Trainee: 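Mind looking over this structure? Questions follow.
Reckoned from all heavy atoms, side chains included, excluding hydrogens, waters and symmetry mates. Just so it is clear, the structure is predicted and the values come from calculations on it, not from any experiment.
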Amino acid sequence: MRKENFNLFFAKRSRLLKSGEAAIFMRIICNGTRIETNTGKTIEPNLWNQAKERAKGNSKKALDLNNFIDDTEIRMFQLFQEMQQDDSVITATELYNRFFNIGPHKKVERMIIGTFHEHNQECRALMGRDFELGTIKKYETVTRLLQRYIKKKYEAYDLPLTSLDRDFIHGFEMYLKIDREQQQNTVARYMKAVKKITNRALANEWITKNPFAGIKVKTVQTDPTFLSLHELHLIYEHPFTGALDVVRDMFIMAAFTGLAFIDISNLRKEHVVSDNDGNMWIRKPRQKTEVVQNIPLLDIPKAILKKYEGNKKAAKKGTLLPVPCNQVMNRYLKEIGTICGIEKTLTTHVARHTYATVTLSQGVRIENVSKMLGHTSIKMTQHYARVLDSSILEDMQNIREAMAGDVFAKKGDRKK
């Protein structure tokens with residue numbers, strides 16, 4: 001590109017953003033015409049080298065910005081050459097329009113939020129077959145968070161899909177952690193949802209660079225909440241009525257079978273079978289993994305199934321149990337925990353955690369527990385064994401201290 005046809009990058013130090021960073025602008029000058037635009041990129045003012053039109057240092061943010069500038073210059077030069085070959089009138093505005101895909105030469109360009117909405121609509125259409133409602137709601141939540149992030153960071157309602165670069169991904173992660181105050185595992189869950197869409201975009205060649213290249217989505221290991229047999233007995237024996245009675249029964253059913261909330265909700269007549277010896281089993285593919293769970297029915301879940309035989313709400317859905325929605329279950333479980341004097345936060349998933357830890361603590365082999373839970377790998381079940389080990393160590397520490405105290409007391413008596 002000749003001297004009179006070039007693009008200049010500069011940091012707008014005269015009007016810093018609330019973060020204290022300066023916006024990076026691009027000025028296109030061509031054949032006596034010029035135009036300026038905000039690139040959407042930012043940098044700390046002291047980290048910008050105007051002479052080189054590049055960010056200083058080797059930080060991730062600096063490298064991403066410099067790569068963006070390099071790519072922009074290459075693309076701008078390519079457009080300029082294409083316009084020369086076509087004998088087009090080359091002006092700064094025309095270069096700008098072609099670069100940002102606007103005006104008469106506009107091509108249909110995918111946008112970030114638009115692409116997410118399209119994905120979510122497809123998921124809705126496949127709900128109950130390939131996608132569950134909980135998964136769909138997760139993607140819809142991520143979409144809303146992305147909209148808020150784009151509006152806050154870029155002052156726009158949407159951005160081209162090509163804006164999904166490492167800088168965007170890193171900024172969104174920081175937004176979730178700082179602005180939304182999300183825990184690490186929640187952030188990881190949302191980032192994995194974004195990664196799925198970017199993988200789809202790469203596969204369809206809507207974008208050419210992987211924005212997650214070099215970025216690891218980390219989760220931290222947490223100990224699941226579970227109830228002791230005593231706490232479970234308190235809930236089972238308490239005389240609840242109305243909605244609390246139903247919610248308690250559904251929780252107890254899950255705690256004595258290990259079924260996840262979605263599997264309790266979808267439990268149907270064909271899932272309860274008898275073997276040649278008359279033993280009753282639940283044999284049902286787990287909704288999440290499609291691994292068949294083989295669960296022998298104990299007396300308490302048998303009694304619950306008997307209690308709700310002919311229930312109108314369940315019959316209307318074609319299921320065996322009238323399970324309320326997850327939000328209602330968790331709201332009433334919180335009340336049940338308070339009534340029973342249980343300080344732990346009760347949720348529908350606590351029942352499944354309880355089944356896993358109780359069966360392991362009672363000597364059931366981990367391979368069998370894994371099959372009953374419908375895990376795809378025994379490593380998933382070992383998570384509960386790890387929790388159990390830590391619980392044992394905690395209890396034994398108390399015994400160790402008590403025994404040590406007795407020994408020291410006896411030594412003191414002998415000295416006397």
Trainee: On the 0 to 90° scale, with breaks at 30° and 60°, tag the His353-His349 ring pair as parallel, tilted or perpendicular.
Mentor: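 His353 and His349: perpendicular rings.
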
Trainee: With a 4.0 Å cut-off, would you call Lys41 and Asp165 a salt bridge?
Mentor: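 Yes, Lys41 and Asp165 are salt-bridged.
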
Trainee: Do Asn31 and Thr91 pair up side chain to side chain, a donor and an acceptor below 3.5 Å, judged on atom types alone?
Mentor: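 Distance-only check fails for Asn31 and Thr91.
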
Trainee: Measure the CG-CG distance between Leu146 and Leu176 for me, rounded to the nearest 0.5 Å.
Mentor: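 So the CG of Leu146 and the CG of Leu176 are separated by 8.0 Å.
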
Trainee: Evaluate the side-chain proximity of Asn311 to Leu321: yes if any heavy-atom separation is below 4.5 Å, no if none is.
Mentor: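 Leu321 vs Asn311: side chains apart.
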
Trainee: Say you draw a straight line from CD1 of Ile339 to OH of Tyr332; how long is it, rounded to the nearest 0.5 Å?
Mentor: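 Answer rounded to 0.5 Å: 11.0 Å.
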
Trainee: Regarding Arg166 and the six-membered ring of Phe212, is the cationic atom NZ or CZ under 6.0 Å from the ring centre and inside 45° of its axis?
Mentor: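 That pair does not qualify as a cation-pi contact.
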
Trainee: Please answer whether the main-chain N or O of Asn279 pairs with a side-chain N or O of Asp275 as donor and acceptor at a distance below 3.5 Å.
Mentor: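 Checked: pair present.
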
Trainee: Is Arg200 close to Trp206 at the side-chain level, that is, under 4.5 Å between some pair of heavy atoms?
Mentor: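 A side-chain contact under 4.5 Å exists here.
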
Trainee: Between His119 and Tyr139 (judged by ring centroids, cut-off 6.0 Å), do the two rings come close enough to count as a pair?
Mentor: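 Distance test on ring centres: under 6.0 Å, yes.
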
Trainee: Is any side-chain heavy atom of Phe251 less than 4.5 Å from a side-chain heavy atom of Leu232?
Mentor: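 Counting from C-beta outward, Phe251 and Leu232 do come under 4.5 Å.
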
Trainee: Give a yes or no on whether Lys313 atom NZ has more than 12 heavy-atom contacts from other residues, nucleotides or ligands under 6.0 Å away.
Mentor: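 Not more than 12 within 6.0 Å, no.
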
Trainee: In terms of ring plane angle, is the pair Tyr149 and Tyr154 parallel, tilted or perpendicular, where the classes change at 30° and 60°?
Mentor: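 Ring orientation, 0 to 90° scale: perpendicular.
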
Trainee: Within this structure, what is the CG-CZ distance for the pair Leu259 and Arg352, rounded to the nearest 0.5 Å?
Mentor: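 Here the rounded value is 8.0 Å.
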
Trainee: Heavy-atom distance under 4.5 Å between the side chains of Gln50 and Leu8, does that happen here?
Mentor: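 Sidechains of Leu8 and Gln50: in contact.
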
Trainee: For Arg283 and Glu270, what are the C-alpha separation, side-chain angles and deciding distance, and is it a salt bridge (charged side-chain N to carboxylate O under 4.0 Å, His left out)?
Mentor: CA-CA 9 Å; Arg283 288 187 177 142; Glu270 61 266 27; over 6 Å; no

Trainee: Within the supplied structure, the quantity of interest is the number of heavy atoms (other residues, nucleotides, ligands) at a distance under 6.0 Å from Glu82 CD; does it exceed 12?
Mentor: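 Atom CD in Glu82 is crowded, with more than 12 foreign heavy atoms closer than 6.0 Å.
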
Trainee: Do Phe168 and Pro211 have side-chain heavy atoms sitting under 4.5 Å apart?
Mentor: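 No, their side chains stay 4.5 Å or more apart.
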
Trainee: Side-chain donor-acceptor pair under 3.5 Å between Lys177 and Gln184, yes or no?
Mentor: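 Their side chains do contain a donor-acceptor pair, which is all the 3.5 Å distance test asks for.
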
Trainee: Using modelled atom types only, decide if a donor and an acceptor are shared between the side chain of Thr359 and the backbone of Val364 within a distance under 3.5 Å.
Mentor: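 Answer holds: no.
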
Trainee: Is a donor from one side chain sitting under 3.5 angstrom from an acceptor on the other, for Asn326 and Thr348?
Mentor: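 Asn326 vs Thr348: donor-acceptor pair found between side chains.
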
Trainee: Verify side-chain contact (heavy atoms from CB on, under 4.5 Å) between Gln147 and His117, making sure each step is shown before the conclusion.
Mentor: CA-CA 11 Å; Gln147 284 178 307; His117 279 315; 3.9 Å; yes

Trainee: Looking only at heavy atoms, which two atoms of Ile28 and Ala92 are closest? And how far apart?
Mentor: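 Closest pair (atom of Ile28, atom of Ala92, distance): O-CB, 3.5 Å.
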
Trainee: Salt bridge between Arg248 and Asp245, side-chain N to carboxylate O under 4.0 Å?
Mentor: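 The answer is yes: the pair qualifies as a salt bridge.
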
Trainee: How long is the gap from CD on Gln293 to CZ on Arg286, to the nearest 0.5 Å?
Mentor: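 With rounding to 0.5 Å, CD (Gln293) is 6.5 Å from CZ (Arg286).
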
Trainee: To the nearest 0.5 Å, tell me how far Phe68 CZ sits from Thr39 OG1.
Mentor: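 The OG1 atom of Thr39 is 5.0 Å from CZ of Phe68, to the nearest 0.5 Å.
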
Trainee: Is it true that a side-chain atom of His271 and a backbone atom of Arg268 form a donor plus acceptor pair closer than 3.5 Å?
Mentor: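 Yes, His271 side chain to Arg268 backbone: donor-acceptor pair under 3.5 Å.
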
Trainee: Looking at Glu155, I'd like to know if its CD atom is crowded, meaning that more than 12 non-hydrogen atoms belonging to other residues, nucleotides or ligands lie closer than 6.0 Å.
Mentor: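 Incorrect, the count does not exceed 12.
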
Trainee: For Tyr190 and Thr141: C-alpha separation, side-chain torsions, deciding distance, then whether side-chain contact (heavy atoms from CB on, under 4.5 Å) applies.
Mentor: CA-CA 8 Å; Tyr190 290 157; Thr141 298; 3.6 Å; yes

Trainee: Does a salt bridge link Lys137 with Glu140, judged by any charged N lying under 4.0 Å from a carboxylate O?
Mentor: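 Salt bridge between Lys137 and Glu140, a charged N being under 4.0 Å from a carboxylate O: no.
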
Trainee: Salt-bridged, Glu231 to Lys344, with N to O below 4.0 Å?
Mentor: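 Looking at Lys344 together with Glu231, the answer is yes, because their closest N to O distance falls below 4.0 Å.
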
Trainee: When you look at NZ of Lys52, are more than 12 heavy atoms from neighbouring residues, nucleotides or ligands closer to it than 6.0 Å?
Mentor: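 No.
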
Trainee: Distance alone, cut at 3.5 Å: any donor-acceptor contact between the side chains of Trp281 and Asn294?
Mentor: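 On atom types as modelled, these side chains do not qualify, holding no pair under 3.5 Å.
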
Trainee: Apply the side chain to side chain donor-acceptor pair (under 3.5 Å) test between Arg54 and each candidate in Asp70, Asn66, Asn49; give the one that qualifies.
Mentor: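 Passing option: Asp70.
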
Trainee: Below 4.0 angstrom, N of the basic side chain to O of the carboxylate: do Asp71 and Arg75 qualify?
Mentor: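 Arg75 and Asp71: not salt-bridged.
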
Trainee: For the pair Glu36 and Arg34, find out whether any cationic side-chain nitrogen is under 4.0 Å from an anionic carboxylate oxygen.
Mentor: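 Yes, Glu36 and Arg34 are salt-bridged.
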
Trainee: Taking atom CD of Glu367 as the centre, report whether more than 12 heavy atoms of other residues, nucleotides or ligands fall under 6.0 Å from it.
Mentor: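 Result for CD/Glu367: enclosed.
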
Trainee: What is the distance from atom CG of Leu320 to atom CG of Asn266, rounded to the nearest 0.5 Å?
Mentor: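 The CG atom of Leu320 sits 11.0 Å away from the CG atom of Asn266.
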
